[in-house]
Amino acid sequence: MSRTPNTELLYDIALSIGTSLQLEPMLAHVLDVLTTRLGGEGAIVLSAWPPATTDALPAPLCVHPAGFRLDPAMQPRILALLAGDLHDRPVQALAADAGSSHPCPGIVFRLPGIGFLVIQRPTADLPDELQGGLTTLMNRLANAIQTRQYQDALRRDKEAAEAANSAKSRFLAVMSHEIRTPMNGVMGMLDLVLETELDREQREYLDLARLSAHSLLQIINDILDLSKVESGRLDLQPEPADLIELAGSAVKALAARAWSRNLTINYSFAPDVPRFAKLDPMRFRQVLTNLLGNAIKFTEEGMVHLEVAAVDITAEHARYRFRVTDTGIGIDPARLQNIFDPFVQVDGSTSRRFEGTGLGLTISRELIEYMGGCIHANSIPGQGSTFIIDIVLQLSAAPDSLDDNPPELRGRRILVADNEPLDRRILGAMLEMLGTTADTATSGPEAMFKVRLARQQQTPYDLILLDADMPGTDGYRTAELLLQEHTDQARILMVTSSALSGDAQRCRALGLNGYITKPITLQELRHAVMGLLRQARRDSPGPAGEPAALPLQQLQVLLAEDNPVNQRVAVGLLDKLGLHATVARNGAEALALCASKPFDLILMDVMMPVMDGLEATREIRRREQDQGGHMPIIAMTANAMQGDREMCLQAGMDGYLSKPVNSASLEQEIRRVLREHPSPRHPRSEPAQRPSIDFMLDQLSKLPGQAPAPPDEPGNGTAQADGARPGDDAAPADQPRYDWDRALELIGGDEELLLSVLAMFLDELPGYMQSLRDELAGGDYASAYRTAHTLKGLLSTFCAGEAAAAALAVEQQARDGPPQTASIDELNRLIADLTPRLAQRLHA
């Protein structure tokens, strides 16, 4: 061979060694080049080093071409060579034996650390210079083989570790579910036993048992959440959320725990923080609760504070920063880097004072990273810690389910008296968000001065918020003095730092309108302010010449509604307004009744069997084109998504109400629609002679059993939410809740009506749940969508927010196909937890 072909041969072999990162493709390419350029019949790589001395050749790593086998006559010669000095010689030619019937010449190359490569070819001769080049390439090939074998081993080890980790997570998930089943039985039985007659000692023992059961359940929940994240089964449900309300509710939920340790807990937000963004509110609240709970646990005196800020704000996104700061024991720098690892304790000594699994921070980090954010901590031992969440969120408009601020709030003048600068700033910012004008005072005497000055300037305050714990002249003394001077004008809401047992009695004794406890959420403040202002409007005579309202008494209303519980609610509300209701169970019945009997108004449910409300409305409008006239129609639907109102109006409806419908909104919408579209039976032209809304409300409030209770009556304090009554034990934070006082307010204060609706609901709930299960099992997702829609509306009647949200999730998923198992399980769990609470309310 000439130098040039030899050089090309070595170059081609060198290139073939680097063609693939996978071992088998690379070896196949190398052997193909060798056999082609050296004129070989076939080649094989055998794995053995140091060479074996057995009677059989080692296992091949690669054979080319496929199916090639060394001639049997060559095998004993190779074995003999291996037993000799091959390990000292990089290349060995196997020349043909002159007297053998199977000469089988070939070449054996040593592959250091791997084995050897055999080429079977017609001749064993190779030029010396080619042998030297091939020897160098064989060393390179051996290194390449070792590298790829090492990478393959690493990959196999990694896959095995991932499989083991996934198996562990699946095991944890299964075991957590298995443990929760008997735990639910234990906790349920404890709750039932505690409702029976017990002596003091028995109740004490059972209370301790229930406390331990809740602690154990929290540990199980932590393990379950961690296993969901690690196994990739965590399903986030992003939706538009009110971040200010979310932060406030998280702080509010832990306020009692902080007060029990004599700690101050509060929150603040920057004025420019975008209020609404898309995220999973339940999971994000879980993170905030973990961080705040940890801060309370490791703080013995001082305060815990949550701060919400935003930077890099654009039209679509903002980077939010949530900071949880405490004045607790702090974290040792040696442990600070590991506190987010599973099962790591801040206090890791054997005599540690603080309980817990060490999973809260791990779960928080995993959830935030799952959402695309990050979390880190700063701490000084003995001075406290700060945990910081940085996350970029997509901004959104206010959810359709959030009521706009009522017009009567706009421009209202409210005075906030509080000695704490942070509390003044936060309350002022909240009041401005509600559309009011907020003024502030730092003490009781300053508040009195500003009230006097405002009265002299004939711009009195519509409402005064007094902090009960101001130094010097406290809130109660200030209220007493203000009421002595301005009893005809002052409307005062007391703000306390903790709901002490005497607050209600002191407010009642002074004639105040109630109290509200810090930390205050935005919605809580809105309801309190609205309740007081509406009460003030009812207590004041209307101005002379005020436009009179339309009379509703004796009007005939057709109610098209398929659900018996919703029928009972609507009929009760209409009765309270003096309207007579006739019920149709679907759109077809509504059309038949319209043709046979005159009505002043139709309240039309949108989703009904046989014929839905939209189709029925279109048919009514079609008939009116032939017969003349216009029947006022108001949609009443549990759908409150963007576009639902427009869809109803396009079908020909004149108004729209989203369930749950409250008495005030029902009356307001009926009056609005009848003003714009007078009843075909009673057209109106002279409304000036009729009584005003305020007059009617005043007369209604004087009827026995008909007074619509405002949300913050004296002595009631803040509305008792979550189905709890004053003095009841707080419900576990992970269980669904309902707001009886809010539901009562929505239904017009008629508790007897609400209880009768509740009885019907509890009686029919098992049937709805069974129908939903049957429809899902049979693949009838259209029917499941309607059933979940009905459940959502019924649950909203009792302000059962979590359960209604779960029903909404199933409804939305059933619209497009089979709902997710997790969503169905969540609905079942929430219904199972909520039902006994509602039953207890019914039989209380």
Side-chain angles (χ1 to χ4, degrees), residues 218 242-270 273 284-309 321-331 346 354-356 360-361 364 375 377-379 383-389 416 418-430 465 467-471 475 494-501 503 515-525 528 717-718 721-722 724 729-734 737:
Q218 183 59 50
D242 185 346
L243 298 185
I244 304 302
E245 181 68 15
L246 190 150
S249 62
V251 173
K252 187 82 172 181
L254 294 170
R257 190 191 305 179
W259 295 336
S260 69
R261 297 171 61 89
N262 294 320
L263 300 176
T264 299
I265 184 169
N266 51 33
Y267 74 106
S268 64
F269 53 90
V273 169
F284 197 79
R285 185 182 293 109
Q286 179 182 357
V287 173
L288 294 180
T289 301
N290 280 341
L291 297 181
L292 290 166
N294 259 10
I296 293 171
K297 181 168 67 172
F298 293 107
T299 302
E300 296 179 340
E301 60 180 13
M303 65 87 187
V304 173
H305 179 70
L306 169 62
E307 179 187 357
V308 185
R321 174 164 292 180
F322 296 80
R323 298 167 59 94
V324 177
T325 305
D326 64 65
T327 56
I329 64 172
I331 305 171
V346 172
F354 307 99
E355 299 179 351
L361 291 179
S364 298
I375 182 171
N378 301 319
S379 183
Q383 298 185 26
S385 305
T386 299
F387 286 81
I388 303 169
I389 300 171
V416 177
D418 197 315
N419 63 298
E420 291 290 339
L422 179 63
D423 291 342
R424 288 198 307 273
R425 182 166 65 84
I426 295 307
L427 281 173
M430 287 183 175
L465 273 64
D467 179 32
D469 302 320
M470 290 184 291
M494 194 62 64
V495 181
T496 67
S497 298
S498 61
L500 301 177
S501 59
D503 286 332
Y515 68 90
I516 189 170
T517 59
K518 301 176 184 178
I520 302 169
T521 69
L522 186 61
Q523 291 305 313
E524 186 180 24
L525 181 63
T718 307
D722 312 332
D729 293 331
D734 62 338
R737 300 172 180 273

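What's counted below: heavy atoms across the whole structure, side chains too, no hydrogens, waters or symmetry copies.
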Could you walk me through whether Thr325 and Met303 satisfy the side chain to side chain contact (heavy atoms under 4.5 Å, CB included) test, starting with their C-alpha distance in whole Å, then the side-chain angles of each, then the deciding distance to 0.1 Å, before giving a yes or no?
CA-CA 8 Å; Thr325 305; Met303 65 87 187; 4.2 Å; yes
List the steps, then state whether side chain to side chain contact (heavy atoms under 4.5 Å, CB included) holds for Ile389 with Leu288.
CA-CA 9 Å; Ile389 300 171; Leu288 294 180; 4.2 Å; yes
Are Leu291 and Leu361 close enough, and set up right, to give a side chain to side chain contact (heavy atoms under 4.5 Å, CB included), and what steps lead you there?
CA-CA 7 Å; Leu291 297 181; Leu361 291 179; 3.7 Å; yes
Could you walk me through whether Ile426 and Asn266 satisfy the side chain to side chain contact (heavy atoms under 4.5 Å, CB included) test, starting with their C-alpha distance in whole Å, then the side-chain angles of each, then the deciding distance to 0.1 Å, before giving a yes or no?
CA-CA 10 Å; Ile426 295 307; Asn266 51 33; over 6 Å; no
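The backbone N or O of Glu245 lies less than 3.5 Å from no partner atom in the side chain of Thr521, so there is not a single donor-acceptor pair. Without hydrogens or angle criteria, Ser249 side chain to Leu246 main chain gives a donor-acceptor distance under 3.5 Å. Between the Ser385 side chain and the Gly328 main chain, no donor and acceptor come within less than 3.5 Å of each other. Checking side-chain atoms of Tyr267 against main-chain N and O of Val324 turns up no donor-acceptor pair under 3.5 Å.
In summary, of the residues considered (Arg424, Lys518, Arg425), a side chain to side chain donor-acceptor pair (under 3.5 Å) with Asp418 occurs for Lys518 alone.
To the nearest 0.5 Å, the span separating NZ on Lys252 from CD1 on Ile265 amounts to 11.0 Å. Atom CD1 of Ile516 is separated from atom CG of Leu465 by 7.5 Å, given to the nearest 0.5 angstrom. A distance of 11.0 Å separates CG in Asn294 from OG1 in Thr289, rounded to the nearest 0.5 Å. Atom CG of residue Leu263 and atom CG of residue Asp326 lie 9.5 Å apart, to the nearest 0.5 angstrom. A distance of 13.0 Å separates CG in Asn262 from OG1 in Thr299, rounded to the nearest 0.5 Å.
Considering all non-hydrogen atoms of both residues, Asp467 and Met494 come closest at C-SD, 4.4 Å. Closest of all the heavy-atom pairs between Val304 and Leu292 is CG1-CD2, 3.9 Å. Scanning all heavy atoms of the two residues, the minimum distance from Ala250 to Arg285 falls at CB-CG, 4.3 Å.
Every side-chain contact (heavy atoms from CB on, under 4.5 Å) that Arg321 has, sequence neighbours left out, goes to Arg323, Ile388, Asp390. With sequence neighbours left out, the ring pair (Phe, Tyr, Trp, His ring centres under 6.0 Å) criterion links Phe387 to no other residue. Residues passing the ring pair (Phe, Tyr, Trp, His ring centres under 6.0 Å) test with Phe322, sequence neighbours excluded: Phe284.
Annotation: side chain of Thr264 is not in contact with side chain of His305 (no heavy-atom distance under 4.5 Å). The side-chain heavy atoms of Leu254 and Ile296, taken from C-beta on, include a pair separated by under 4.5 Å. Under the 4.5 Å side-chain criterion, counting only non-hydrogen atoms from C-beta, Val273 is not in contact with Leu243.
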